[in-house]
Amino acid sequence: MTWVRGAAGSGYGVDHLPYGATEHGLWVRIGDFALDLGAAEEHGLVHADGALWEPALNRLLAAGQGTWRTVRARLTELFTDPAHRGIVEPLLVPVDALALRIPFQVADYVDFYSSEYHASNLGQILRPGQPPLLPNWRYLPIGYHGRAGTVVVSGTEVVRPCGQSRPAGADAPVFGPSARLDIEAEVGFVVGTPTQLGTAVSTGDFARHVFGVVLLNDWSARDIQAWEYQPLGPFLGKSFATSIAAWVTPLDALAAARVPAPVQDPPVAGYLREPDRAGYDLALEIEWNGTVVSRPPFACMYWTPAQQFAHLTVNGARLRTGDLYASGTVSGPQRAGTGSFLELTWGGTEPVTLAGGATRTFLEDGDSVTIRATAPGPAGSTISLAEVTGTVEAASQSGRTWSG
Ligand code: CA
């Protein structure tokens, strides 16, 4: 039990302890408060060879699982043993007072496509009359390399992208602001310890290399994407912004959320087999201008984070500290559990009604989307993953007036 007032039962109890960053330095959250980790290390309360005296989490990420666990165990002790209260409490700051920024410097960013329901829905919407899944889908976790430089922290405004798209029935494309701006609710995994170029890591190495989890919104301009994606995959339709939560939940905080992942048929290649195959029971929630429109279940993802991790390196590609890989859109079997508005409105043909009566298919300027999630914690507790939110701003004038 923690002595921090209000923390127990808040979703940010002592079993959670996510990490964040401000211009001032690193913080660990407990309840509605955060502990200044640089000050804590300076006071000799916790030791991490100076890794907590940093503007971002990267040094702690690189320090490895042993350090992650030592620091976490020590923080747990500081927040539970009343003997430490006198010195720790003055170092706590209300989280609302923090101007949070991106918690780690993103190295490479990869996005997967691991929900069978999402892949099937997109197949039906985009390739009607054909098999919903492409022939490779059950054999490997499909993914692409995204743009690390445009990963932004929760709360960052998202400017509507301009680009080329081809209107239905037209022969040639037009240029202008995206008219089909969408979201993808995903779960991102943050790589801590790197690997050597030329070596593959196995599914069993996942927890030794992956530090933690963030909710992620892969903003997607469907009209730009539809015109550009063949044959090389997503490009400008997704690279304008990818939002992540400001607090990174340590993987160790999700131990009680591990659940059996779906059985895979056909059997997967050896390097994708898992000695202890598991997904995570994260219950996502998508709020559109204040109305909850969907509740995607992460537990039903066909490809697990450990399989994505092994697939990412099977060719010898190296992992770097700060690499971020995302699960792909989290969609469950129900329409009200889909993770994109493309699916929720079935290609824009079935609008959703928000509180107050407004209807939507895709995002309008000024719209806000917030993704939240909860997970089972130890002993019946609940962990709240930090939200990822963003508001759409109108396209820039320079974009509007561009002409070819
Ligand atoms: Ca995606």
Side-chain angles (χ1 to χ4, degrees), residues 106 108-127 132-134 136-137 140-152 154 156 158 161 163 178 180-190 213-230 232-245 279-280 282 284 286 288 294 296-298 300-305 307-309 311-312 323-332 337-345 347 362-363 369-371 373 385 388-390 392:
V106 181
D108 286 304
Y109 166 52
V110 163
D111 193 18
F112 284 99
Y113 191 60
S114 290
S115 159
E116 180 176 355
Y117 301 106
H118 174 68
S120 300
N121 287 339
L122 260 62
Q124 290 171 63
I125 293 168
L126 302 177
R127 301 184 305 275
L133 291 180
L134 291 169
N136 56 4
W137 198 86
L140 46 78
I142 301 291
Y144 68 95
H145 283 99
R147 189 167 188 84
T150 46
V151 177
V152 296
S154 176
T156 305
V158 174
S178 170
R180 287 163 72 91
L181 185 57
D182 195 359
I183 65 147
E184 292 189 342
E186 307 196 17
V187 178
F189 292 83
V190 182
V213 171
V214 283
L215 290 176
L216 181 148
N217 186 346
D218 174 24
W219 303 91
S220 299
R222 299 301 179 194
D223 39 4
I224 296 173
Q225 185 185 352
W227 171 236
E228 73 176 3
Y229 86 103
Q230 288 173 320
L232 289 184
F235 189 41
L236 303 177
K238 284 171 176 287
S239 63
F240 55 94
T242 305
S243 301
I244 61 169
Y280 288 91
L282 312 180
L284 275 64
I286 303 170
W288 194 344
S294 183
F298 189 68
C300 64
M301 300 295 273
Y302 189 86
W303 296 103
T304 68
Q307 289 180 311
Q308 294 167 344
F309 168 80
H311 189 62
L312 196 51
D323 280 358
L324 171 68
Y325 68 91
S327 60
T329 308
V330 182
S331 287
T338 52
S340 70
F341 299 152
L342 181 68
E343 294 163 90
L344 190 66
T345 67
F362 294 98
L363 289 159
V369 174
T370 302
I371 303 166
L385 270 68
V388 58
T389 190
V392 177

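Atoms within each ligand, like the ligands themselves, are counted from 1 in listed order. Basis for what follows: all heavy atoms, side chains included, without hydrogens, waters or symmetry-related copies.
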More than 12 heavy atoms from other groups under 6.0 Å of OH on Y144: yes
Passing candidate, side chain to side chain contact (heavy atoms under 4.5 Å, CB included) with L324, options D108, D111, L216, T242: L216
Within the structure provided, determine whether L134 and R127 are in side-chain contact (heavy-atom separation under 4.5 Å). yes
Spell out the protein N/O/S atoms under 3.0 Å from the Ca ion (ligand 1) as residue plus atom name. D111 OD2, E184 OE1, E186 OE2, D218 OD2
Y325 side, atom OH; F309 side, atom CZ - distance, nearest 0.5 Å: 6.5 Å
Fit a plane to each ring of W288 and F341, take the angle between them on a 0 to 90° scale, and name the class: parallel (under 30°), tilted (30 to 60°) or perpendicular (over 60°). parallel
Partners of D223 by salt bridge (charged side-chain N to carboxylate O under 4.0 Å, His left out), sequence neighbours excluded? none
